[in-house]
Amino acid sequence: MTGPRHDPDLIRPYVRTGGRVRPSRDVRLETVVIAASGGTETLAPDARRVMRLFGGGGRGGLAVADIAAALELPPSTVRILVSALMDSGHLTSPVPVEEGRPGLDLLQEVLRGLRELV
């Protein structure tokens, strides 16, 4: 026997998220986040991996889907990790999620316009 395998894919998602099964805020795959401030020494390994993607703050925003792809982690797990990093102040979203959504009236107007085109 050669010893234990250290394959990151063998770690269950609930272990990566500290037992959390849902994000604490409405973080979607298209949500763009940017690095804020704060040291990463006390963060869990996967949270540090997320923060390393921002390369010292010089990089712009990343979508949650892009983070999941870069780290090769399930998107649901990354949503929870990003949510926790936002709660701790390590990540922030340039536009609050609720403010970035169009109103229902605007969506209905767009739908009417699309129907007229068909």
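- By the salt bridge (charged side-chain N to carboxylate O under 4.0 Å, His left out) test, Arg115 pairs with no residue at all, sequence neighbours left out.
- Applying the side-chain contact (heavy atoms from CB on, under 4.5 Å) test to Gln108 and every residue at least two apart in sequence or in another chain returns Leu104, Asp105, Arg112.
- Annotation: side chain of Asp46 is not in contact with side chain of Leu71 (no heavy-atom distance under 4.5 Å).
- Applying the under-4.5 Å side-chain rule to Ile, Leu, Val, Met, Phe, Trp and Tyr, the cluster around Leu111 consists of that residue alone.
- Arg25 pairs by the side-chain hydrogen bond (donor to acceptor under 3.5 Å, both in side chains) definition with Asp87, not counting sequence neighbours.
- Residues passing the side-chain contact (heavy atoms from CB on, under 4.5 Å) test with Leu106 are Pro102, Val110, sequence neighbours excluded.
- Using a 4.5 Å cut-off on side-chain heavy atoms (C-beta onward), Leu53 and Leu62 make contact.
- Not a single side-chain hydrogen bond (donor to acceptor under 3.5 Å, both in side chains) links Glu30 to another residue, sequence neighbours left out.
- The CG atom of Leu43 sits 4.0 Å away from the NE2 atom of His90 when rounded to the nearest 0.5 Å.
- Contact detail for Ile67 and Phe54: the closest heavy-atom pair is CD1-CZ, 4.3 Å.
- Of all the heavy atoms in Pro75 and Ala68, the pair that sits closest is CA-CB, 4.0 Å.
- What you find for Val27 and Arg79 is that their closest heavy atoms are O-NE, 2.5 Å.
- You'll find the side chain of Leu81 stays beyond 4.5 Å of the side chain of Arg49, heavy atoms only.
- Within the 3.5 Å criterion, the main-chain N or O of Val33 finds no donor-acceptor partner in the side chain of Ser93.
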